[in-house]
**Student:** 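Supplied in structure tokens, the structure appears directly below.
Sequence lines set the chain letters: A, B, ... in the order given, protein chains first and strands last, and positions in each chain run from 1.
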Protein chains: 2
Amino acid sequence: MNLLLENIAKHVSLTSQEQERVLSFTEPLQFKAKTILLKSGEVCTHSYFVTKGIIRSYNMDENGVEHVVSFACPGWWIADMYSFLSQRPGQLYIEVNEDAEVLAISKENQEKMYSEVPKLERFFRIIIENSLVASQQRLIDNMSFTAEARYDKFLKKFNDLAHCIPQKQIASYIGVTPEFFSKMKARLLKK
Amino acid sequence: MNLLLENIAKHVSLTSQEQERVLSFTEPLQFKAKTILLKSGEVCTHSYFVTKGIIRSYNMDENGVEHVVSFACPGWWIADMYSFLSQRPGQLYIEVNEDAEVLAISKENQEKMYSEVPKLERFFRIIIENSLVASQQRLIDNMSFTAEARYDKFLKKFNDLAHCIPQKQIASYIGVTPEFFSKMKARLLKK
DNA sequence: AACATTTCTTAATCTAGGTTAAGTACTTAA
DNA sequence: TTAAGTACTTAACCTAGATTAAGAAATGTT
């Protein structure tokens, strides 16, 4: 069965007509690794529901250093939320980490979906609530814990995926340089 | 007119019956400064819409250091989202900074509100979307900017309120110690 | 296979911000 | 009004993590 419909069914129940309607608003797309779906400065016109592969979002600071905002694996959504919601230029890059398949929803279709299938307001409210909780937790973790503890948390959260993600991206996600991350890992091995 | 209804009206339009219904789910409460509305380890049973004063939420790390998660002034919501949504014990404290008035909504009433006035699904979806964007922006800022730049951003975001908030709380919000914040401020004055 | 590019590691050096400690203002409460 | 707590400052010293640089290993390309 369809992964998106499965996920929706966890929170709201749709009739089969509504299910079809939802799918009709989405566009299945395939991307090779390293494809860039969005660049900083562009308007984010689509939100992506990942069904296969891994996609990440990041920003680049004034020194050209990347900071990973999120990794999306199957069952997760990814977009530059600020830009997608406001339809103004955003600051995030969205890039395919591993050959991926997604269901893409345009901003217009997202709005249509809300008006034609109002139950989805609830579904997305819940999805976004969960993202907010995760984002606040990460903020707290960054302020409360050392890099080592943050790496522990990362491994717990992404356990199986950690092996598919280049170290420099993990370093970026937990907020340290690749060099320090490498040193830290060597230190951990000695224990 | 009522601040909550004003805010709702910015995103969805309610009939006057619906407006009354919404208010009937809320409980107006007053609190003196320093009142603690929620402690770490407790279940967050209410979400608060601030109509007067300032309320803040924070966690305390294993060394007893506080980290401010958010300041809520009139027109803002505050709760331990994780705990409120899951009804499990949370890690946040919620404390009144300045004598405050709020509209409190219990978890049960929140759920009733969603089922009796489905338009509110949309309202809260939008509110939470905006919180998510703000939270992610703060994450990016913490990873990309120095303490000085973060303080600049803080001043822009909370300009008028900055004067009402103790320095140690500002320091905590931007993620530095009170001592370093003090040093940094002195350095900024010299420029 | 050979070259180019990117990723990862190691090590020396540096710095933003933390820690400790002591002193000076403010508040708050009896 | 006075004592006790809390907020802010200053300064000496410390450290987690950054920076720079150079080599080794992996990966991609012709």
Side-chain angles (χ1 to χ4, degrees), chain A residues 32-36 54 56 58 60-68 71 93 95-99 141-155 161-191, chain B residues 32-36 54 56 58 60-68 71 93 95-99 141-155 161-191:
Chain A
K32 288 255 156 230
K34 302 201 177 171
T35 310
I36 292 185
I54 303 176
R56 78 180 199 283
Y58 59 93
M60 199 174 279
D61 69 24
E62 50 197 354
N63 304 312
V65 178
E66 289 180 18
H67 303 278
V68 172
F71 294 108
Y93 294 80
E95 185 171 335
V96 177
N97 254 24
E98 298 208 335
D99 292 8
D141 290 351
N142 282 349
M143 299 208 283
S144 305
F145 297 146
T146 62
E148 219 161 288
R150 263 141 46 207
Y151 180 44
D152 269 1
K153 283 220 158 197
F154 174 87
L155 288 178
L161 273 100
H163 305 288
C164 317
I165 296 174
Q167 281 192 27
K168 57 179 295 197
Q169 288 178 20
I170 299 181
S172 166
Y173 182 91
I174 67 174
V176 297
T177 59
E179 293 86 352
F180 180 75
F181 184 74
S182 191
K183 179 162 64 173
M184 189 179 82
K185 250 193 41 180
R187 200 167 57 210
L188 287 173
L189 276 181
K190 279 188 199 153
K191 294 183 185 170
Chain B
K32 288 257 157 226
K34 303 200 177 170
T35 308
I36 293 185
I54 304 176
R56 79 180 199 283
Y58 59 94
M60 200 173 280
D61 69 24
E62 49 197 356
N63 304 312
V65 179
E66 290 180 14
H67 302 279
V68 172
F71 293 107
Y93 293 81
E95 184 171 335
V96 177
N97 254 22
E98 297 209 335
D99 292 7
D141 291 351
N142 282 349
M143 299 207 285
S144 304
F145 297 145
T146 63
E148 217 162 291
R150 262 139 49 208
Y151 179 44
D152 269 1
K153 283 220 159 198
F154 174 86
L155 287 178
L161 272 100
H163 305 289
C164 316
I165 296 175
Q167 281 192 28
K168 58 177 295 197
Q169 289 179 19
I170 299 180
S172 167
Y173 183 91
I174 67 175
V176 296
T177 59
E179 293 86 351
F180 180 75
F181 184 73
S182 192
K183 179 161 65 175
M184 189 181 81
K185 251 193 42 182
R187 200 166 60 210
L188 287 174
L189 276 181
K190 280 191 197 147
K191 292 184 185 167

**Student:** Are A:Ile165 and A:Arg56 side-chain neighbours, meaning at least one heavy-atom pair lies under 4.5 Å?
**Tutor:** no

**Student:** Between A:Ser182 and C:dC8, does any side-chain N or O lie under 4.0 Å from OP1 or OP2?
**Tutor:** no

**Student:** I want to verify a distance call: between C:dG17, D:dA18, C:dC8, whose nearest atom is closest to the A:Thr177 side chain?
**Tutor:** D:dA18

**Student:** Return the value, rounded to whole Å, for the distance between atom CZ of B:Phe181 and atom P of C:dA16.
**Tutor:** 18 Å

**Student:** For residues B:Tyr151 and B:Lys185, determine if any side-chain heavy atom of one lies less than 4.5 Å from a side-chain heavy atom of the other.
**Tutor:** yes

**Student:** Output the rounded distance in Å from CD1 (A:Ile170) to C1' (C:dT7).
**Tutor:** 13 Å

**Student:** To the nearest Å, how far apart are B:Met143 CE and D:dA18 P?
**Tutor:** 12 Å

**Student:** Tell me the interatomic distance from B:Arg187, atom CZ, to D:dA11, atom P, rounded to whole angstroms.
**Tutor:** 14 Å

**Student:** Would you indicate which nucleotide in C:dT7, C:dT10, D:dG17 comes nearest to any side-chain atom of A:Ala147?
**Tutor:** D:dG17

**Student:** Please state whether the phosphate of C:dT9, meaning OP1 or OP2, lies under 4.0 angstrom from any side-chain nitrogen or oxygen of A:Gln167.
**Tutor:** yes

**Student:** Tell me, for nucleotides 22-30 of chain C in 5' to 3' order, what letter each nucleotide earns: B for a base near a protein heavy atom under 4.0 Å, S for only sugar-phosphate near one, - for neither?
**Tutor:** ---------

**Student:** Base, sugar-phosphate or nothing for A:Lys183? Non-hydrogen atoms, less than 4.0 Å.
**Tutor:** base

**Student:** Let me know the distance between NZ of A:Lys32 and P of D:dG28, rounded to the nearest Å.
**Tutor:** 12 Å

**Student:** Any donor-acceptor pair under 3.5 Å linking the side chain of A:Thr35 with the backbone of A:Val96?
**Tutor:** no

**Student:** Rounded to whole Å, please give me the gap between CD in A:Glu148 and C1' in D:dT15.
**Tutor:** 14 Å

**Student:** Take atom CZ of A:Phe180 and atom P of C:dC8, then tell me their distance rounded to the nearest Å.
**Tutor:** 17 Å

**Student:** Without decimals, in angstroms, what is the distance between B:Arg150 CZ and C:dA16 C1'?
**Tutor:** 10 Å

**Student:** Measure from the side-chain N and O atoms of B:Asp99 to the backbone N and O of B:Ala33, and report whether any donor-acceptor pair falls under 3.5 Å.
**Tutor:** yes

**Student:** Just by distance, do the side chain of B:Asp61 and the backbone of B:Asn63 share a donor-acceptor pair under 3.5 Å?
**Tutor:** yes

**Student:** So A:Phe154 and A:Phe71, would you call those rings parallel, tilted or perpendicular, with 30° and 60° as cut-offs?
**Tutor:** perpendicular

**Student:** Measure the angle between the two terminal helix axes of the helix from C:dA1-D:dT30 to C:dA30-D:dT1, five base pairs each, and quote it to 10°.
**Tutor:** 50°

**Student:** Keeping B:Arg150 on the side-chain end and B:Phe145 on the backbone end, is there a donor-acceptor pair under 3.5 Å?
**Tutor:** yes

**Student:** Taking C-beta and beyond as the side chain, do A:Ile54 and A:Gln169 meet within less than 4.5 Å on heavy atoms?
**Tutor:** no

**Student:** For residues B:Val65 and B:His67, determine if any side-chain heavy atom of one lies less than 4.5 Å from a side-chain heavy atom of the other.
**Tutor:** yes

